[in-house]
Amino acid sequence: MSLPPLVEPADELTVDEVRRYSRHLIIPDVGMEGQKRLKNAKVLCVGAGGLGSPALMYLAAAGVGTLGIVEFDEVDESNLQRQIIHSQADIGRPKAESAKDTVLGINPHAQVNLHLERLDSSNVMELFAQYDLIVDGTDNFATRYLVNDACVLLNKPYVWGSIYRFDGQASVFWSEHGPCYRCLYPEPPPPGMVPSCAEGGVLGVLCASVGSIQVTEAIKLLAGIGDPLVGRLMIYDALEMSYRQVKVRKDPDCAVCGPNATVTELIDYEAFCGVVSDEAQEAAAGSTITPKQLKEWLDEGESVDVIDVREPNEYEIVSIPGARLIPKNEFLMGTALQDLPQDKKIVLHCKTGVRSAEVLAVLKNAGFSDAVHVGGGVIGWVNQIEPDKPVY
């Protein structure tokens with residue numbers, strides 16, 4: 001589907017800009033006019049992490065005139081495996097500031113706007129209204145639905161990407177010309193069903209593959225060239241080195257972009273996506289202990305069975321002394337229940353406490369009424385008890 005250019009061209013390119021973008025200018029489909037459109041464009045990147053890193057760097061290199069970065073997090077050592085916009089010296093710095101320095105190092109002609117805040121329903125409309133195009137590099141469902149709904153309500157296109165382990169997806173959502181994210185995923189998955197990259201991991205270079213697709217789509221939209229991924233989902237399998245496409249049709253019953261839309265204003269997206277299920281919240285109420293409480297129990301010789309519900313590769317990185325591994329899925333399938341002791345208090349933990357709360361709900365329903373879980377998980381344990389151990 002050929003679409004008109006998203007922005008008008010700038011008045012002119014400077015001599016320095018002509019030299020810098022000469023390889024674009026000699027492409028007939030881009031040319032002087034297309035490069036002027038890129039110069040006049042305003043693009044907001046949601047996140048300066050795995051996908052935001054290559055997206056920001058290539059958008060800057062391509063000559064996009066104004067780049068916005070909305071990011072509240074700080075650079076962590078575990079980010080450096082894939083978030084190439086940051087370096088070792090940036091650990092502890094705000095990601096947005098680190099990203100800005102790299103962007104300006106690539107292209108000093110760029111105008112970089114920093115939004116050092118968490119994107120939510122209170123600020124998204126005002127932020128998005130300042131830009132022509134949104135590039136979504138987020139990794140949680142609540143923010144994805146927030147970005148989608150805000151773009152539909154503002155009639156703005158956005159380029160979406162997703163990564164997990166060796167798999168990537170990308171598409172362009174623009175309700176005026178095709179489907180939105182809710183047409184593809186009307187409802188979020190049940191809480192805990194789809195692990196995040198922090199829980200399941202991601203091949204670092206996958207970010208570059210998907211991020212470069214996002215930038216390619218952004219350039220096409222801004223300059224009005226080629227056939228954007230509107231109504232198409234690109235699926236990438238890095239292990240098989242294969243790309244395939246799936247057609248995505250506009251859902252006539254879509255809650256936000258359909259003719260009888262029921263979502264006409266922003267909602268509570270954390271509640272909509274149920275970051276932790278109601279059952280898990282109920283189970284954890286009054287049955288959550290701190291890492292320090294667990295340490296006291298172990299030191300005092302309490303009769304406890306400490307169970308780690310993470311995956312084996314996570315367990316190999318770091319574990320709580322004395323904990324045995326039973327992955328979460330074995331509890332959900334019911335196979336782990338028969339091996340649980342009846343004469344010991346069961347103490348569950350995971351990385352941060354989300355998965356263990358879900359397993360706790362399973363145990364409570366199975367009659368293990370005195371079971372508890374560790375709030376903060378193994379990360380809390382390391383931070384409070386064994387700070388010399390690695391975290392991930």
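Note: hydrogens, waters and symmetry copies are ignored here, and every other heavy atom, side chains too, is used.
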Practice task
Under the side chain to side chain donor-acceptor pair (under 3.5 Å) rule, what do S98 and H86 come out as? Steps first, then yes or no, please.
Solution key: CA-CA 6 Å; S98 168; H86 313 296; 2.7 Å; yes
Practice task
Give the intermediate values and the outcome of side-chain contact (heavy atoms from CB on, under 4.5 Å) for residues N113 and Q111.
Solution key: CA-CA 7 Å; N113 301 331; Q111 169 68 41; 3.1 Å; yes
Practice task
Carefully, step by step, assess V359 and I307 under the rule side-chain contact (heavy atoms from CB on, under 4.5 Å).
Solution key: CA-CA 11 Å; V359 174; I307 300 176; over 6 Å; no
Exercise for the section: Mind running side-chain contact (heavy atoms from CB on, under 4.5 Å) on F272 and E187 for me, showing each step along the way? Expected result: CA-CA 9 Å; F272 174 67; E187 299 286 342; 3.7 Å; yes
Practice task
Kindly determine whether T138 and D136 satisfy side chain to side chain donor-acceptor pair (under 3.5 Å), including the steps that lead there.
Solution key: CA-CA 6 Å; T138 57; D136 181 14; 2.7 Å; yes
Name the atoms and distances for all side-chain donor-acceptor pairs under 3.5 Å in residues 336-346, with sequence neighbours left out.
| unit_1 | atom_1 | unit_2 | atom_2 | d |
| --- | --- | --- | --- | --- |
| K345 | NZ | D370 | O | 3.2 |

Please tabulate, for side-chain N and O atoms in residues 220-239, each donor-acceptor pair with protein atoms closer than 3.5 Å (sequence neighbours left out).
| unit_1 | atom_1 | unit_2 | atom_2 | d |
| --- | --- | --- | --- | --- |
| K220 | NZ | E217 | OE2 | 2.8 |
| K220 | NZ | D227 | O | 3.0 |
| D227 | OD1 | M1 | N | 2.2 |
| D227 | OD2 | M1 | N | 3.3 |
| R232 | NH1 | Q245 | OE1 | 2.9 |
| R232 | NH2 | D227 | O | 2.8 |
| R232 | NH2 | P228 | O | 3.0 |
| D237 | OD1 | L239 | N | 3.0 |
| D237 | OD1 | E240 | N | 3.1 |

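Other residues, nucleotides and ligands contribute at most 12 non-hydrogen atoms within 6.0 Å of the CE atom of M333. Summarising the local packing, CZ of R244 is surrounded by 12 or fewer heavy atoms from other residues, nucleotides or ligands at distances under 6.0 Å. For E77, the CD atom counts as loosely surrounded, since its 6.0 Å shell holds 12 or fewer non-hydrogen atoms of other residues, nucleotides or ligands. Other residues, nucleotides and ligands place no more than 12 heavy atoms under 6.0 Å from the CG atom of D11.
Side-chain atoms of N148 and Y158 form a donor-acceptor pair, as typed in the model, at a separation below 3.5 Å. Side-chain contact of H373 with S287: a donor-acceptor pair under 3.5 Å is absent, judged by distance alone. No donor-acceptor contact under 3.5 angstrom links the side chains of D16 and T14, judged on distance only.
With V70 as the fixed residue, the side chain to side chain contact (heavy atoms under 4.5 Å, CB included) test singles out one of N123, L114, V46: V46.
Listed for the K250 side chain is a donor-acceptor partner under 3.5 Å among the backbone atoms of S175. With N107 contributing its side chain and L104 its backbone, the two residues share no donor-acceptor pair below 3.5 Å.
Taking each heavy atom of D149 and R182 in turn, the nearest pair found is OD2-NH2, 2.7 Å.
Cation-pi check for K156 over F128 is not met; the charged atom does not lie both under 6.0 angstrom from the ring centroid and within 45 degrees of its normal.
Applying the ring pair (Phe, Tyr, Trp, His ring centres under 6.0 Å) test to Y181 and every residue at least two apart in sequence or in another chain returns Y145, W160, F173, Y185.
Using a 4.0 Å cut-off between a side-chain N of Lys or Arg and a carboxylate O of Asp or Glu, E296 and K292 do not qualify as a salt bridge. In this structure, R93 pairs ionically with D101, as a charged nitrogen and a carboxylate oxygen lie closer than 4.0 Å.
Under the 4.5 Å side-chain heavy-atom criterion for ILVMFWY residues, no single connected hydrophobic cluster contains both V75 and M57.
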